[in-house]
*Asks:* 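Please see the structure below; I have some questions.
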Amino acid sequence: MPNIGFTSTRDKKLKIDFWQSIAQGVAPDGGLLVPTQLPKISRKLISDKKFWEKSRMSDLSTLLHRLFIPKSEISDFALQKMMHKAHNFDLPLESLDKQTFILRIDTGPTASFKDIAARSLAALLEEYCNKFKRVINIIVATSGDTGVAIADAFGGSSRVTVSILYPSGGVSEIQEKQMLQVDEQYENIQAIPISGNFDVCQDVSKILQGARELVHADNKNITNFKCEIQNKLGKKLSSALVEKIVKIVSTLNLSSANSINIWRLIPQMTQYFVAYKKLVEKKVIKAGDYIIFAVPSGNVGHLMAGLYARSVGLPVKGFVIGTNSNNVLANIIGSGTIKHHIFTKTSSPSMDILDPSNLERLLYMAAQNVGNHATIDFSTMKQDIKNNYAHDGVVSLSRYGVTQDMLRYLQNLIWAEDIETDEEIFAMMERVGRKYRLTMEPHGTTALVATIRARSKKAVKPEDVVVVMETAHPDKFPESLKEAHVEVAKNRKHKTLERLNKFSISKMGKKTMPVDLLKIAQKIQKIAY
């Protein structure tokens with residue numbers, strides 16, 4: 001098997017090796033890391049019923065990681081041991097009807113699908129730190145589930161700290177309790193509520209990581225960095241203040257654990273393979289048959305993991321994505337435009353995103369698949385999204401080098417629906433509870449509504465088997481359950497969430513921090529190794 005390296009979405013000449021990709025998280029040029037190639041699992045193996053029947057979840061994750069990790073760096077035995085420890089829980093597959101299934105990716109320690117990637121990333125980063133005698137300080141922005149999954153995975157580490165940035169008032173109460181609990185439990189973890197939405201938290205994370213590259217920067221690069229801060233955060237910083245921030249960041253060895261980190265996406269392929277395994281075991285499909293996945297989409301990481309799974313050989317006919325009223329991606333897929341509008345809080349907070357980071361990877365993949373070797377102007381695209389998302393406006397993606405061939409590639413592969421009201425989500429949650437005796441949460445329900453619409457529009461055929469991704473435990477969203485008049489059955493309760501429900505958040509709460517890069521950097525420095 002050839003060595004698979006990594007490059008940047010913004011500069012294909014850039015070469016990053018395996019251990020660099022683990023430690024850095026993002027590309028030094030501001031782009032996102034992507035594999036230089038996507039190796040294939042043989043069609044013979046994929047079509048082998050016995051392969052699916054004998055493979056545990058950890059076996060599948062080991063296989064997928066092996067595609068991108070050189071044996072010279074981590075042996076088969078060591079990798080299998082890592083994945084067995086990381087992925088020691090099951091993902092139940094439930095049936096709505098003969099063609100529609102729900103994969104519950106909410107059974108891990110923190111009750112969301114983020115556990116799969118977080119626990120794998122933790123194992124790999126710990127291996128890196130031990131091998132090279134390094135320490136890493138992770139900064140992670142979260143819209144609810146990522147932060148606690150990463151914090152739980154790294155809790156107690158002697159080589160890695162985690163600083164979680166989350167939007168104050170922009171996550172559910174139980175999600176905030178989870179983050180505050182791990183903050184109290186571990187000295188190497190801290191949760192920081194930020195005044196702003198998820199996009200602001202993510203921008204702070206990216207800017208601070210970008211400051212790593214400015215230690216020996218010239219005046220031009222410092223000026224560009226100041227412009228980036230103004231474009232993303234609307235703040236003018238003096239050169240003296242930027243120098244203070246850079247001086248602190250230069251000592252921190254920062255890394256990312258958001259889905260901007262490629263090692264959040266590679267492990268997430270596992271859940272797609274597990275869903276397929278379950279369908280083969282249940283004799284719903286034969287090994288080698290093609291199926292469709294329905295994915296709730298916000299930052300586009302979950303969808304990208306599915307696209308990578310398809311690229312390495314999983315028989316996937318296509319994807320249905322559901323977005324909420326913050327429907328940037330649905331418009332991009334549907335019309336090839338960025339339609340700007342005001343940020344809206346919804347019942348699905350992990351999808352309340354107007355600037356999806358993994359859009360770069362999605363468009364990069366489209367360009368690679370249609371043979372477009374021109375460089376897409378992602379930097380200007382991101383800047384325009386930031387400058388315009390507070391008001392209505394429409395910008396064609398062709399402005400940035402996105403071609404019609406690229407759009408057709410995406411439209412042939414992905415069917416997008418935007419579900420713009422919470423009322424429609426609550427009504428579907430009630431219907432599923434009443435008709436099927438199943439309890440769903442808002443994010444997975446968005447994907448289900450999108451699936452039903454796609455079937456009604458003949459975009460999905462009646463005989464197509466669809467697996468809907470249920471991404472978090474319903475008990476994380478008690479207000480939504482109340483609105484939908486549904487409850488989680490006792491045998492479906494998550495023990496950690498049940499225990500946290502007994503605590504008052506007023507006794508756990510923290511003061512909201514303003515969007516002050518220097519103060520946030522200083523706060524990270526306080527717990528840094």
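What you see is a predicted model, and the numbers here were worked out from it, not measured in a lab. Both backbone and side-chain heavy atoms feed into the values below; hydrogens, waters and symmetry mates do not.
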*Asks:* Do S297 and M351 touch side chain to side chain, with heavy atoms closer than 4.5 Å?
*Replies:*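 No, side chains not in contact.
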
*Asks:* Taking the side chain as every heavy atom from C-beta outward, state whether M440 and L448 have any atom pair closer than 4.5 Å.
*Replies:*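 SC-SC contact between M440 and L448 confirmed.
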
*Asks:* Give a yes or no on whether a salt bridge exists between D464 and K317, defined as a side-chain N under 4.0 angstrom from a carboxylate O.
*Replies:*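 Salt bridge: yes.
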
*Asks:* With a 4.5 Å heavy-atom cut-off, do T36 and I4 have their side chains touching?
*Replies:*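 The answer is yes, as the side chains (C-beta and beyond) meet within the 4.5 Å cut-off.
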
*Asks:* For K44, does the NZ atom sit with more than 12 other heavy atoms under 6.0 Å from it, leaving out its own atoms?
*Replies:*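 Not buried by this count: 12 neighbours or fewer within 6.0 Å.
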
*Asks:* Does V162 reach the side chain of V140, with side-chain heavy atoms less than 4.5 Å apart?
*Replies:*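 The answer is yes, as the side chains (C-beta and beyond) meet within the 4.5 Å cut-off.
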
*Asks:* Of the non-hydrogen atoms in L64 and I266, which two are nearest, and what is the gap between them?
*Replies:*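 Answer, listing the atom of L64 first, then I266: O-CG2, 4.4 Å.
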
*Asks:* Hey, is K482 close enough to E487 for a salt bridge, meaning N to O under 4.0 Å?
*Replies:*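 The answer is no: the pair does not qualify as a salt bridge.
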
*Asks:* Compare all side-chain heavy atoms of I291 with those of L279 and state whether any distance is below 4.5 angstrom.
*Replies:*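 Heavy-atom side-chain distance check passes, below 4.5 Å.
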
*Asks:* Go through the steps to decide whether L60 and M57 satisfy the test side-chain contact (heavy atoms from CB on, under 4.5 Å), and finish with yes or no.
*Replies:* CA-CA 5 Å; L60 294 171; M57 178 172 163; 5.7 Å; no

*Asks:* I'd like to check D106 versus S112 (side-chain heavy atoms, cut-off strictly below 4.5 Å). Are they in contact?
*Replies:*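 Not touching, per the 4.5 Å side-chain cut-off.
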
*Asks:* What heavy-atom pair brings A149 and D115 nearest, and what distance separates the two atoms?
*Replies:*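 In terms of heavy atoms, the two residues are closest at CB-OD1, 3.7 Å.
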
*Asks:* Applying ring-ring contact (aromatic ring centres under 6.0 Å, His included) between F18 and each of F6, F68, W263, report the one that passes.
*Replies:*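 Among F6, F68, W263, the one meeting ring-ring contact (aromatic ring centres under 6.0 Å, His included) with F18 is W263.
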
*Asks:* Throw together a table of side-chain donor-acceptor distances under 3.5 angstrom for residues 300-308, partners on residues two or more places apart or in other chains.
*Replies:*
residue: H302; atom: NE2; partner: Q271; partner atom: NE2; Å: 2.8

*Asks:* Minimum heavy-atom separation for D352 and F343, please, with both atom names.
*Replies:*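 So the two residues come closest at O-CE1, 3.1 Å.
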
*Asks:* Test salt bridge (Lys or Arg N to Asp or Glu O under 4.0 Å) on E94 and R492; report intermediate values, then the result.
*Replies:* CA-CA 12 Å; E94 298 176 333; R492 291 292 188 189; 2.3 Å; yes

*Asks:* Between D405 and R408, does any NZ, NE, NH1 or NH2 come within less than 4.0 Å of an OD or OE carboxylate oxygen?
*Replies:*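 Between D405 and R408 there is a salt bridge, with a charged N closer than 4.0 Å to a carboxylate O.
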
*Asks:* Under 4.0 Å between a Lys/Arg side-chain N and an Asp/Glu carboxylate O for R56 and D59?
*Replies:*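 Judged by the 4.0 Å cut-off on N to carboxylate O distance, R56 and D59 do form a salt bridge.
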
*Asks:* Between D384 and R399 (salt bridge meaning N to carboxylate O under 4.0 Å), is one present in this structure?
*Replies:*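 Salt bridge present between D384 and R399.
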
*Asks:* So which atom in A151 and which in I164 form the shortest heavy-atom distance, rounded to 0.1 Å?
*Replies:*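 Minimum heavy-atom separation between A151 and I164: CB-CD1, 3.7 Å.
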
*Asks:* Could you tell me whether E424 and R453 make a salt bridge, using a distance below 4.0 angstrom between a side-chain N and a carboxylate O?
*Replies:*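 Salt bridge between E424 and R453, a charged N being under 4.0 Å from a carboxylate O: yes.
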
*Asks:* Between K278 and D90, does at least one N-O distance fall below 4.0 Å, as a salt bridge requires?
*Replies:*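 Salt bridge present between K278 and D90.
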
*Asks:* How close do S357 and N299 get, heavy atom to heavy atom, and via which atoms?
*Replies:*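 Reported closest heavy-atom pair: N-OD1, 2.8 Å.
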
*Asks:* Would you say the ring centroid of Y400 lies under 6.0 angstrom from that of F378?
*Replies:*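 Not close enough - the centres of the two rings lie 6.0 Å or further apart.
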
*Asks:* Do L265 and R361 have side chains that get closer than 4.5 Å, going by heavy atoms?
*Replies:*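 A side-chain contact exists here, since the closest heavy-atom pair is under 4.5 Å.
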
*Asks:* Just by distance, do the side chain of Q411 and the backbone of I333 share a donor-acceptor pair under 3.5 Å?
*Replies:*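 Yes; at least one donor-acceptor contact below 3.5 Å.
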
*Asks:* Using a strict 4.0 Å threshold on nitrogen-to-oxygen distance, state whether E360 and K382 make a salt bridge.
*Replies:*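 Salt bridge absent between E360 and K382.
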
*Asks:* Salt bridge check: are E441 and K476 linked by an N-O gap of less than 4.0 Å?
*Replies:*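 Judged by the 4.0 Å cut-off on N to carboxylate O distance, E441 and K476 do not form a salt bridge.
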
*Asks:* Can you find a pair of side-chain heavy atoms, one from L33 and one from T7, that are under 4.5 Å apart?
*Replies:*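 Result no, sub-4.5 Å side-chain heavy-atom pair not found.
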
*Asks:* So, for Y276 and W52, is the gap between ring centers shorter than 6.0 Å?
*Replies:*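 Y276 vs W52: aromatic centres under 6.0 Å.
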
*Asks:* With sequence neighbours left out, which residue pairs that include part of residues 420-452 fulfil the ring-ring contact (aromatic ring centres under 6.0 Å, His included) condition?
*Replies:*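 Sorted result for residues 420-452: H443-F477.
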
